[in-house]
There are 2 protein chains.
Amino acid sequence: MSESIWAAIRSEPPATTPFSSNCPSRVVLDHVTSKWGVLVLVALSRDSMRWGELHRYVEGISEKMLAQTLRQLESDGFVLRESMGTVPPRVDYSLTALGQELAALLIPLVQWVGDNVGRTTVPLGATA
Amino acid sequence: MSESIWAAIRSEPPATTPFSSNCPSRVVLDHVTSKWGVLVLVALSRDSMRWGELHRYVEGISEKMLAQTLRQLESDGFVLRESMGTVPPRVDYSLTALGQELAALLIPLVQWVGDNVGRTTVPLGATA
DNA sequence: CAGTATCCGCCATGATACTG
DNA sequence: CAGTATCATGGCGGATACTG
């Protein structure tokens, strides 16, 4: 009994890939590639931004989704939240070192998509 | 009247970015970064795959979502579907040139996430 | 200003069953 | 084998109102 426990503990997390259904990276990947996650991460890649700035910059995002996305990315360790504790409140959001590594990979992607929408055959009228 | 029409037509699609709420790239970005879209695109980046192969390779994807994702990516011009017209049926899926360009950007991302999950602070227990 | 709280519709996702 | 059809549901996402 104790043996099986130790065996289980000792056994390495069996080198799962994002293609494995139980791989933790699936979760992170979902956060990162979420509808708003990508845009927020890229938005913060230039410089830190305040809540209101982000809200205006990432057009169309609701307050709820902005809050949710930021909390998510913060809990993943990609975003740093700094409250200045002033009145009226001022809160700055920036990328952590980890977040910057990630954003570095996201930028070319967003850039490419932006540049090449015209080459795609996306059914017109899909404005959503 | 005709003037305003021409003015409207002549005016360039006002250089929208993915941060603009009405930008078409938003749609493509959503397809590409969809839960299964990323994985399917990366899966096909090595070589073409049959339906059943994909279904097994991208663990956890339902038949419905596989079909839907493939149709989506096909209609965007990223994926090529080739039915062999045999019985029993054999259908091959591969990336178009456009899809390969895209996948080239997706691979480092998926790779990075897979390699760096450990550095993130994803709340444990989130296996979904 | 920077959020939280609440309500709600809709659709993305999934499980199951069926078909050429 | 390669899908489609159908049904059920959770939660994504938006709108609105409220607060320190």
Whether each nucleotide of nucleotides 15-20 of chain D has a protein heavy atom under 4.0 Å at its base (B), only at its sugar-phosphate (S) or at neither (-) is summarised, 5' to 3', as --B--B
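- The main-chain N or O of B/G37 is found under 3.5 Å from a side-chain atom of B/S34 such that the two form a donor-acceptor pair.
- Residue A/R71 places its side chain closer to C/dT4 than to any other of C/dG3, D/dG14, C/dT4.
- Taken together, the paired segments of DNA chain D that extend over three or more consecutive Watson-Crick or G-U pairs, each closer than 3.5 Å at both contacts, are C:1-20 with D:1-20.
- A 4.5 Å side-chain heavy-atom check between A/D92 and A/M49 finds every atom pair outside the cut-off.
- One interatomic measurement links the two molecules: CD of A/E59 to P of D/dG14, which rounds to 13 Å at whole-angstrom precision.
- A straight line from CD1 of A/I61 to P of D/dC12 spans 14 Å, rounded to a whole angstrom.
- Formation of a donor-acceptor pair under 3.5 Å by the B/S25 side chain with backbone atoms of A/V113 is not found in this model.
- Comparing A/D92 and B/W36 by the nucleotide of DNA chain C that holds the closest heavy atom to each, the one mapping nearer the 5' end is A/D92.
- Residues of residues 42-52 of chain B that place a heavy atom closer than 4.0 Å to DNA chain D, in numerical order, are B/R50, B/W51, B/G52.
- Comparing B/V91 and A/Q68, the nucleotide of DNA chain D nearest to each residue sits closer to the 5' end for B/V91.
- Screening residues 16-48 of chain B for ring pair (Phe, Tyr, Trp, His ring centres under 6.0 Å), with sequence neighbours left out, gives A/Y57-B/F19.
- Proximity of a side-chain donor or acceptor of B/R26 to a complementary backbone N or O of B/P18 within less than 3.5 Å is detected.
- With a 4.5 Å cut-off on side-chain heavy atoms, B/V58 and B/L66 do not count as touching.
- Side-chain contact between A/L109 and B/L102: present, with at least one pair of heavy atoms (C-beta onward) separated by less than 4.5 Å.
- Of the side-chain N and O atoms in A/R81, one or more sit less than 4.0 angstrom from OP1 or OP2 of C/dG3.
- As rounded to whole Å, 13 Å separates atom P of D/dG11 from atom CD of A/Q72.
- Side-chain atoms of B/S20 do not come within 3.5 Å of backbone N or O of B/C23 as any donor-acceptor pair.
- Under the side-chain contact (heavy atoms from CB on, under 4.5 Å) criterion, B/V91 pairs with B/R81, B/S83, B/Y93, not counting sequence neighbours.
- A donor-acceptor distance shorter than 3.5 angstrom exists from the side chain of B/T96 to the backbone of B/G77, with no hydrogens or angles considered.
- Pairs of residues two or more places apart, or lying in two chains, never qualify as side chain to side chain donor-acceptor pair (under 3.5 Å) while including a residue from residues 37-56 of chain A.
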